Amino acid sequence: MAAPPSSDAERQRDKDRTRADILEVATREFADKGYTGARVDEIAERTSTTKRMIYYYFGGKEQLYIAVLEQAYLAIRALEAEVDVEHLEPEEGIRRLAELTFDHHEAHPDFIRLVSIENIHRAEHIARSEVLAGLANPALDGLTKLLERGRAAGRFRADADPLDVHMVISSFCVFRLANRHTFAAIFGRDMLDPGRRDHHRRMLGDMLIDYLTS
């Protein structure tokens with residue numbers, strides 16, 4: 001007796017799993033080889049699908065790359081949104097956001113490589129993404145609320161700008177990963193040394209609070 005046809009829900013789950021599998025493999029491929037060096041053929045070989053299906057799901061190599069960038073940025077924005085900035089003290093909230101970024105970037109080195117690669121391309125692919133164009137406000141909403149509350153309480157400096165604070169957090173966390181090897185070659189220190197991890201994590205928060213309360 002023939003098996004009953006798959007339900008619409010099951011077919012959708014299969015599509016979602018296939019799409020997720022393609023994005024996972026493509027993320028590693030683009031992070032390792034860059035946009036120019038990555039090959040859709042190789043991505044297809046390492047997934048449970050075909051090159052034809054990749055084009056069916058995403059439209060082409062550039063659209064796949066943009067989808068990879070969108071997924072990577074949406075992940076960090078989703079984590080930031082989980083921080084309860086409404087009920088944390090301003091100083092605690094700033095530290096929490098900084099620590100979250102520190103932990104995320106350390107756990108997702110592919111994200112750092114993708115950001116570096118997209119900067120080589122002068123953000124031309126990000127500029128074509130409607131999804132990423134809408135992430136500016138979510139990236140700053142929590143910081144803005146914390147800074148406003150800190151200023152209202154007389155605890156933070158009046159000229160603190162949320163984008164400046166975001167830049168300091170991002171700079172520290174990205175540099176630690178992106179420049180790990182050159183830093184070690186020049187100074188003989190591994191910035192990902194587990195013995196210094198807590199020190200660096202705490203240092204980032206201390207620098208931010210020192211600046212905001214000066």
Side-chain angles (χ1 to χ4, degrees), residues 9 11-83 85 97-145 162-163 165-178:
R11 284 195 292 272
Q12 186 59 50
R13 282 195 293 271
D14 287 342
K15 289 180 180 178
D16 291 343
R17 282 194 292 266
T18 299
R19 194 175 190 278
D21 185 34
I22 294 169
L23 283 172
E24 181 180 352
V25 172
T27 295
R28 293 195 298 270
E29 185 75 7
F30 284 121
D32 287 344
K33 300 178 181 177
Y35 175 71
T36 304
R39 296 286 181 267
V40 176
D41 285 331
E42 294 183 19
I43 294 171
E45 288 178 6
R46 294 165 55 193
T47 62
S48 57
T49 187
T50 64
K51 182 177 180 179
R52 179 180 176 184
M53 288 304 295
I54 290 176
Y55 281 108
Y56 169 77
Y57 280 111
F58 296 96
K61 178 181 177 180
E62 182 179 30
Q63 293 93 325
L64 175 58
Y65 176 63
I66 290 173
V68 165
L69 291 172
E70 289 173 347
Q71 178 175 262
Y73 275 96
L74 285 169
I76 181 64
R77 294 293 90 86
L79 286 175
E80 291 167 348
E82 293 177 4
V83 178
V85 297
L97 284 172
E99 291 167 356
L100 180 149
T101 304
F102 185 98
D103 294 342
H104 171 273
H105 287 13
E106 183 179 78
H108 298 86
D110 282 350
F111 175 74
I112 306 302
R113 288 193 284 269
L114 288 169
V115 172
S116 299
I117 290 163
E118 185 57 7
N119 273 286
I120 291 172
H121 291 278
R122 296 178 172 86
E124 62 180 273
H125 304 97
I126 284 181
R128 294 175 188 153
S129 168
E130 294 181 4
V131 171
L132 295 177
L135 288 184
N137 288 338
L140 299 178
D141 281 349
L143 273 174
T144 300
K145 291 176 182 177
L163 190 55
V165 176
H166 177 76
M167 180 176 65
V168 171
I169 295 172
S170 181
S171 298
F172 188 96
C173 297
V174 170
F175 185 94
R176 183 170 170 264
L177 272 294

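Just so it is clear, the model here is predicted, and its values are computed rather than measured.
Note: H104 and H108 have parallel aromatic rings, judged against thresholds of 30 and 60 degrees for the angle between ring planes. In this pair, F111 and H105 present their aromatic rings tilted. The plane angle is within the 30 to 60° band.
Taking both residues in full, the closest heavy atoms of T36 and R39 are given as O-NH1, 2.8 Å, listed atom of the first, atom of the second, then distance. Considering all non-hydrogen atoms of both residues, T50 and A44 come closest at C-CB, 3.8 Å. Counting all heavy atoms, side chain and backbone alike, C173 lies closest to A98 at SG-O, 4.4 Å. Among all heavy-atom pairs drawn from A26 and V68, the shortest one is CB-CG2, 3.8 Å. When all heavy atoms are compared, the tightest approach of P162 to L143 is O-CD1, 3.7 Å.
Counting heavy atoms from C-beta outward, I43 and L64 have side chains that approach closer than 4.5 Å. Taking 4.5 Å as the limit, every side-chain heavy atom of T101 sits out of range of all side-chain heavy atoms of F172. Between T18 and M53, every side-chain heavy-atom pair lies at or beyond the 4.5 Å cut-off. Between L23 and F58, some side-chain heavy-atom pair lies under the 4.5 Å cut-off.
Here E80 contributes atom CD and L140 contributes atom CG; the two are 9.0 Å apart, rounded to the nearest 0.5 Å. Within the model, atoms CD1 of I117 and NZ of K33 stand 12.0 Å from one another, a figure rounded to the nearest 0.5 Å. Atoms OG1 and NE2, on T144 and H166 in that order, are 11.0 Å from each other to the nearest 0.5 Å. Of the inter-residue distances, the one linking L100 atom CG with I169 atom CD1 reads 9.5 Å to the nearest 0.5 angstrom. The line from OG1 of T27 to OH of Y65 is 10.5 Å long, rounded to the nearest 0.5 Å. With rounding to the nearest 0.5 Å, the separation of CG in D110 from CZ in F30 is 12.5 Å.
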Report the C-alpha distance between D32 and R113 in whole Å, list the side-chain angles of each, state the deciding distance to 0.1 Å, and finish with yes or no for side-chain contact (heavy atoms from CB on, under 4.5 Å). CA-CA 8 Å; D32 287 344; R113 288 193 284 269; 4.1 Å; yes
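Counting heavy-atom neighbours within 6.0 Å of E124 CD, excluding the residue itself, gives a total above 12. Few gaps surround CZ on F175; more than 12 heavy atoms of other groups in view lie less than 6.0 Å from it.
A side-chain hydrogen bond (donor to acceptor under 3.5 Å, both in side chains) with D16 holds for exactly one of Q12, R13, R19; it is Q12. Screening R52, K51, R46 for a salt bridge (charged side-chain N to carboxylate O under 4.0 Å, His left out) involving D41 leaves a single residue, K51.
Checked by atom type and distance alone, the side chain of E118 pairs as donor or acceptor with a backbone atom of I126 at under 3.5 Å. Judged by distance alone, with hydrogens and angles left aside, the side-chain atoms of N119 form a donor-acceptor pair with the main-chain N or O of V115 at under 3.5 Å.
Geometric assessment of K61 against the ring of Y35 yields a positive cation-pi assignment under the 6.0 Å and 45° thresholds.
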